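For reference, the structure discussed in these notes is given below.
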Amino acid sequence: MSAPQSPVQRADFDQFMVPNYAPAAFIPVRGEGSRVWDQGGRELIDFSGGIAVNALGHGHPALMKALTEQASKLWHLSNVYTNEPALRMARQLVESTFAERVFFANSGAEANEAAFKLARRYGHDVSGGSRYEIIAMINSFHGRTLFTVSVGGQPKYSEGFGPKIEGITHVPFNDLDALKAAISEKTCAVVIEPIQGEGGVLPAEQGFLQGARELCDAHGALLIFDEVQSGVGRSGYLYAYMHYGVVPDILTSAKSLGGGFPIGAMLTTEKLASHFSVGVHGSTYGGNPLGCAVGSALLEVVNTPEVLDGVKARYERFRTALESMADKYGIFSGVRGMGLLIGALLSEPWKGKAKDVLTAANEEGLMVLQAGPDVIRFAPSLVISEADIDEGLARLERAIARITQA
Ligand SMILES: *Cc1c(COP(=O)(O)O)cnc(C)c1O
């Protein structure tokens, strides 16, 4: 028996896997830079980046080197021992952000789970139990564990699983008056995505983030920024908070942080970190040497003026082309986002049809994302070449021409 060699096909998904996803009809098998090939050898351009994960595209030499070198040394230890890659990566994160301490997890949801537990623990420690409320934003997304769907502001993800985590309030995003009305001495934390990703690629307003910081300070609440999607260079800044100049108490990072290797991190201050004393929280894999070796190499490449300025320039290239498609075909009513996290809003007649655009793009050899039913989302490699951007946009235009003329 040579099981790994036996052919597999898309139909196997329906036969062997839990049906909580609806993957495309083709199966990608190989990637290089921003190009991907499927089982039949068809080539696609990747504007989806594994949902804002493959920050350096596929098979980047620096990440390949870091992973294979570490793979030949040491794969895993658990947190009974520390390891060199984790220490290196934690130091890099501290030296390049507001943070003084780092906790490693394996995903965005786990980084947020740590952040929310830390906020609750902080509230418990400072108040003796009366400060536990978390204020989150309507339409926000923070992951799929029970705590993170309860904090997330999308009922479709949190309903139907029995009782939710209690003590969570939701207010409209970018509505400072609503936040002001909701915050109190019971609030332990306010949680915001500086750019709402899953909610439709919607950047926060400057005044909202600044006002939220002031309200938190006035009420003794922590400000948590979920930068799982907006972080690690995607906005054209290492973290989007740096663009706004508003500093959180806790920041969560994942997705692009490992460039495709699963890793997450919660960043915070020394003072807050002290509430996670020995045994209060933990993870078997968190801070795994393989993940941290890759994440460390990735930060070294991404956190440079060349890459970050390159992200801003690439945004302009996308925006210009998408706005011209909006004029020509009437399919988009606007383009929003920052850096290489871009959303094109479907115009009134196309509302709800994001999936149709994705399918048409796939047929033209292009991978794109949706962010809800009304937004086409682009989250490509931060170092995608101009030629690949132009070719991908040409394929998108062919897809749009076809469906708008059908
Ligand atoms: C994707 C995402 C998460 C969840 O990350 P997972 O790695 O899927 O657990 C949390 N917050 C935001 C803002 C995200 O975009």
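Worth saying up front: this structure is predicted, and the values here are computed from it rather than measured.
- Looking at heavy atoms from C-beta onward, S333 lies in side-chain contact with L345 at the 4.5 angstrom threshold.
- The list of ring-ring contact (aromatic ring centres under 6.0 Å, His included) pairs with a residue in residues 28-61, not counting sequence neighbours, reads F47-F318.
- Between I135 and L179 the shortest side-chain heavy-atom distance falls below 4.5 Å.
- R144 forms a cation-pi arrangement with Y157, by the criterion of a distance under 6.0 Å to the ring centre and an angle within 45° of the ring axis.
- Here the NZ atom belonging to K353 is positioned 12.0 Å from the CD1 atom belonging to I376, to the nearest 0.5 angstrom.
- Within the 4.5 Å cutoff, side-chain heavy atoms of Q70 are placed close to those of L74.
- Between the CD1 atom of I331 and the OG atom of S347 there is a distance of 6.5 Å, given to the nearest 0.5 Å.
- Under the side chain to side chain contact (heavy atoms under 4.5 Å, CB included) criterion, A115 pairs with I224, I250, T252, M266, sequence neighbours left out.
- Listed by first and then second residue, the ring-ring contact (aromatic ring centres under 6.0 Å, His included) pairs involving residues 266-305 are H76-Y285, F103-H281, Y122-H275, F276-H281 (not counting sequence neighbours).
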Discussion item. Salt bridge (charged side-chain N to carboxylate O under 4.0 Å, His left out) for K328 and E397? Distances and angles first, verdict last.
Written reply: CA-CA 10 Å; K328 203 161 156 191; E397 179 157 1; 2.8 Å; yes
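- Side-chain atoms of T169 never come within 3.5 Å of backbone atoms of E133 as a donor-acceptor pair (strictly under, hydrogens ignored).
- For F13, there are no ring-ring contact (aromatic ring centres under 6.0 Å, His included) partners, not counting sequence neighbours.
- The only option from L63, L299, I263 that meets the side-chain contact (heavy atoms from CB on, under 4.5 Å) definition with V294 turns out to be L63.
- Residues S256 and R234 have side chains in contact (heavy-atom distance under 4.5 Å, counting atoms from C-beta outward).
- Interatomic distance, CD of Q370 versus CG of D356, reported as 9.5 Å (0.5 Å rounding).
- Taking a 6.0 Å sphere around CD of E166, one finds it holds 12 or fewer heavy atoms contributed by other residues, nucleotides or ligands.
- Distance check: N174 CG to I138 CD1 gives 12.0 Å after rounding to the nearest 0.5 Å.
- Between atom CG of residue L308 and atom CE of residue M242 there is a gap of 9.0 Å, rounded to the nearest 0.5 Å.
- Between K164 and V151 there is no side-chain heavy-atom pair separated by less than 4.5 Å.
- Using modelled atom types, one side-chain atom of R395 and one backbone atom of G365 make a donor-acceptor pair closer than 3.5 Å.
- Take R42 and apply the salt bridge (charged side-chain N to carboxylate O under 4.0 Å, His left out) test, not counting sequence neighbours, and it matches D38.
- Within 6.0 Å of atom NZ in K351, more than 12 heavy atoms from other residues, nucleotides or ligands are found, so the atom counts as buried in its surroundings.
- Salt bridge R319/E323: present, at least one basic N to carboxylate O contact under 4.0 Å.
- Proximity of a side-chain donor or acceptor of T148 to a complementary backbone N or O of T145 within less than 3.5 Å is detected.
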Worksheet item: side chain to side chain donor-acceptor pair (under 3.5 Å) between E214 and Q210: does it pass, once the steps are laid out?
Response: CA-CA 6 Å; E214 285 159 21; Q210 247 167 290; 4.9 Å; no
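- Taking all atoms of both residues into account, the shortest heavy-atom contact from A105 to A111 is CB-N, 3.8 Å.
- Residues L44 and L366 have side chains not in contact (no heavy-atom distance under 4.5 Å, counting atoms from C-beta outward).
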Name each donor-acceptor pair under 3.5 Å that joins a side chain in residues 185-194 to protein atoms two or more places apart or in another chain, with its distance.
residue: T187; atom: OG1; partner: S184; partner atom: N; Å: 2.9
residue: T187; atom: OG1; partner: S184; partner atom: O; Å: 3.2
residue: E193; atom: OE1; partner: G197; partner atom: N; Å: 3.2
residue: E193; atom: OE2; partner: F141; partner atom: N; Å: 2.9

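- Ion pairing between E300 and K65 fails under the 4.0 Å rule for side-chain N and carboxylate O.
- Ring centroid separation for the pair F98 and Y241 comes in under the 6.0 Å cut-off.
- A salt bridge between R314 and E386 is absent, with no side-chain N of the basic residue lying under 4.0 Å from a carboxylate O of the acidic one.
- Between F104 and A90, the shortest heavy-atom distance links the atoms CZ-N, 3.8 Å.
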Discussion item. One pair to check against salt bridge (charged side-chain N to carboxylate O under 4.0 Å, His left out): D125 and R131. What are the steps and the verdict?
Written reply: CA-CA 9 Å; D125 291 349; R131 193 185 276 280; over 6 Å; no
Item to complete: Please step through side chain to side chain donor-acceptor pair (under 3.5 Å) for the pair S140 and Q196, ending with a clear verdict.
Response: CA-CA 6 Å; S140 63; Q196 279 195 345; 5.1 Å; no
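- Every residue was checked against the salt bridge (charged side-chain N to carboxylate O under 4.0 Å, His left out) condition with D12, not counting sequence neighbours, and none meets it.
- Distance alone, capped at 3.5 Å, places no donor-acceptor pair between the N139 side chain and the G153 backbone.
- The pair K73-E69 does not meet the salt-bridge criterion, since no charged nitrogen lies less than 4.0 angstrom from a carboxylate oxygen.
- The side chain to side chain contact (heavy atoms under 4.5 Å, CB included) search around A313 returns none, not counting sequence neighbours.
- For the pairing with R377, the side-chain contact (heavy atoms from CB on, under 4.5 Å) check across L358, V368, I342, L341 returns one residue only, L341.
- Residues satisfying the salt bridge (charged side-chain N to carboxylate O under 4.0 Å, His left out) criterion with E363, sequence neighbours excluded, are R402.
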Discussion item. Using the rule given for salt bridge (charged side-chain N to carboxylate O under 4.0 Å, His left out), can you reason through D388 versus R35, listing the C-alpha separation, both sets of side-chain angles and the distance that settles it, and then say yes or no?
Written reply: CA-CA 8 Å; D388 284 350; R35 307 240 172 181; 2.6 Å; yes
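- Heavy-atom neighbours of K355 NZ from other residues, nucleotides or ligands within 6.0 Å: at or below the threshold of 12.
- For the pair R120 (side chain) and Y132 (backbone), a donor-acceptor distance under 3.5 Å is present.
- Every residue two or more places apart in sequence or in another chain that forms a salt bridge (charged side-chain N to carboxylate O under 4.0 Å, His left out) with E32 is listed here: R30.
- The ring-ring contact (aromatic ring centres under 6.0 Å, His included) analysis of residues 243-263, with sequence neighbours excluded, yields the pairs Y237-H243.
- Atoms CD1 and NE2, from I134 and H170 in turn, are 9.5 Å apart once rounded to the nearest 0.5 Å.
- Residues E84 and R88 are paired through a salt bridge, judged by an N-O separation under 4.0 Å between the basic side chain and the carboxylate.
- Each ring-ring contact (aromatic ring centres under 6.0 Å, His included) pair with one or both residues in residues 380-406, not counting sequence neighbours, would appear here, but there are none.
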Worksheet entry | Test salt bridge (charged side-chain N to carboxylate O under 4.0 Å, His left out) applied to E100 and R91, step by step | CA-CA 9 Å; E100 296 158 333; R91 177 199 282 236; over 6 Å; no
